[in-house]
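Since we're looking at a predicted model, the values are computed, not measured. In what follows, chains are A, B, ... by sequence order, proteins preceding strands, each numbered from 1.
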There are 2 protein chains.
Amino acid sequence: MNTAHRNAPRPDLAAMVVPLGRALMAAEKPVLDAHDLTMWAYAVLCHLDETPLRTQAALAEAIHADKTRIIAVLDDLESRGMLTRRPDPKDRRVRLLSLTPEGRRLRDTVRAAVQNGEERLLGQVPAADREAFLRSLRTLYEMSQGRR
Amino acid sequence: MNTAHRNAPRPDLAAMVVPLGRALMAAEKPVLDAHDLTMWAYAVLCHLDETPLRTQAALAEAIHADKTRIIAVLDDLESRGMLTRRPDPKDRRVRLLSLTPEGRRLRDTVRAAVQNGEERLLGQVPAADREAFLRSLRTLYEMSQGRR
DNA sequence: TATTGTTATACTCTATAACTATA
DNA sequence: TATAGTTATAGAGTATAACAATA
């Protein structure tokens, strides 16, 4: 006899969320590849525009990356003219990061493609549930990131 | 001017789901540590009971692990009396895997603790949305795993 | 002396390839 | 020869520690 239903009316949240996340990333990958972007590069593009950041360390923390890890990413994006990295005149140790217009265009293009794919998935969720799902996901996400 | 709202009425699904998954795993960790279980070991305990499996390779595939990776996990769980691994008399190459009563007890204890923590999180989601969220999450998870 | 960014090194996790035992 | 399981090796990704420039 299977007693699982007594103790587990549902699978663990983590057991659904983590694999779903992996699948979403896998679905993103072809889009990113088509634009020669790594996942980290895309994260940089997405985050940089929303919140202009004064230091690389702050950017790294924002996207949950190690500060040493995003350096190659920034090198690449800078060399491709997607962002600029200039020393702050007030403190020449820090690098002021900003997206170029091309960087913003690239981000918009990729994001549109990514979200287009995601919409196809969301289409399988009953319309009546969709709003509540997105609202809840956002709540849980923000809580998990410590902004409540 | 921030034009993000035009192109991104919401953050990417992946950008919310993946970090949420990381946070859920981090929240699980102390519970697992308290019972000397790795994430993989817990995954084995959870999956083994639901679907009795005849080969280790099948188990590995079910939890999205490499077959070489779960061997140390099985060694450990077996030595602790949480599962048995006996050769199939019909084909002595394959190992029949089954959870012992202690293994089932351990799984139940840990799962209860894990889900207890998750319920606290879910409590922050408006009750009206909670059902729809769980239903949708399950749908998306199952779709992403190829069972539709 | 402390901090930002960078480079070099070491470590962890994961997958690939080689081996054994059965068939 | 083919397959299940195991072991050994190599690779990718990540973090730690040392370094240079600036304050």
message: Would you say CD of A:Glu102 has more than 12 non-hydrogen atoms from neighbouring residues, nucleotides or ligands within 6.0 angstrom?
response: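 Enclosed: over 12 neighbouring heavy atoms sit under 6.0 Å from CD of A:Glu102.
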Whole-Å distance separating the [atom1] atom of [X] from the [atom2] atom of [N]:
X: B:Arg86; N: C:dA21; atom1: CZ; atom2: P; value: 22 Å
X: B:Ile63; N: C:dT14; atom1: CD1; atom2: P; value: 11 Å
X: B:Lys67; N: D:dT3; atom1: NZ; atom2: P; value: 10 Å
X: B:Ile71; N: C:dT20; atom1: CD1; atom2: C1'; value: 12 Å
X: B:Asp88; N: C:dA23; atom1: CG; atom2: P; value: 10 Å
X: A:Leu74; N: C:dT4; atom1: CG; atom2: P; value: 16 Å
X: B:Arg92; N: C:dT22; atom1: CZ; atom2: C1'; value: 7 Å
X: A:Lys90; N: D:dT22; atom1: NZ; atom2: P; value: 19 Å

task: List the steps, then state whether side-chain contact (heavy atoms from CB on, under 4.5 Å) holds for B:Leu53 with B:His47.
output: CA-CA 9 Å; B:Leu53 288 171; B:His47 201 87; 4.1 Å; yes
Tabulated below should be each protein N or O lying under 3.5 Å from an N or O of nucleotides 12-16 of chain D; please produce it.
residue: D:dT14; atom: O5'; partner: A:Arg69; partner atom: NH1; Å: 3.1
residue: D:dT14; atom: O3'; partner: A:Arg69; partner atom: NH1; Å: 3.1
residue: D:dA15; atom: OP2; partner: A:Arg69; partner atom: NH1; Å: 2.6

In a table with atom names and distances, give each donor-acceptor pair under 3.5 Å that connects a side chain of residues 12-27 of chain A to protein atoms at least two apart or in another chain.
residue: A:Asp12; atom: OD1; partner: B:Gln115; partner atom: NE2; Å: 2.7
residue: A:Asp12; atom: OD2; partner: B:Tyr42; partner atom: OH; Å: 2.5

message: Please tell me if A:Arg85 has a side-chain N or O lying less than 4.0 Å from either OP1 or OP2 of C:dT6.
response: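 Checking C:dT6 against A:Arg85, a side-chain N or O does come within under 4.0 Å of OP1 or OP2.
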- prompt: What is the minimum heavy-atom distance between B:Val31 and B:Ala113, and which atoms define it?
  reply: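 Where B:Val31 meets B:Ala113 most closely, the heavy atoms are CG1-CB, 3.6 Å.
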message: Reading DNA chain D from 5' onward, which residue's closest nucleotide shows up sooner: B:Asp91 or A:Asp91?
response: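 Going by which nucleotide is closer to the 5' end, it is B:Asp91.
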query: Out of curiosity, A:Asp88 CG to A:Arg95 CZ, how far, rounded to the nearest 0.5 Å?
result: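 One gets 10.0 Å once the value is rounded to the nearest 0.5 Å.
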query: Do B:Thr100 side-chain atoms and B:Gly81 backbone N/O form a donor-acceptor pair below 3.5 Å?
result: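 Pair found, side chain donor or acceptor close to backbone of B:Gly81.
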message: Among D:dG5, D:dT22, C:dA21, which nucleotide has an atom closest to any side-chain atom of B:Arg93?
response: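 Ranking D:dG5, D:dT22, C:dA21 by closest atom to the B:Arg93 side chain puts C:dA21 first.
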message: Determine whether B:Val110 and B:Leu45 satisfy the following criterion, side-chain contact (heavy atoms from CB on, under 4.5 Å), listing intermediate values before the conclusion.
response: CA-CA 10 Å; B:Val110 174; B:Leu45 288 182; 5.9 Å; no
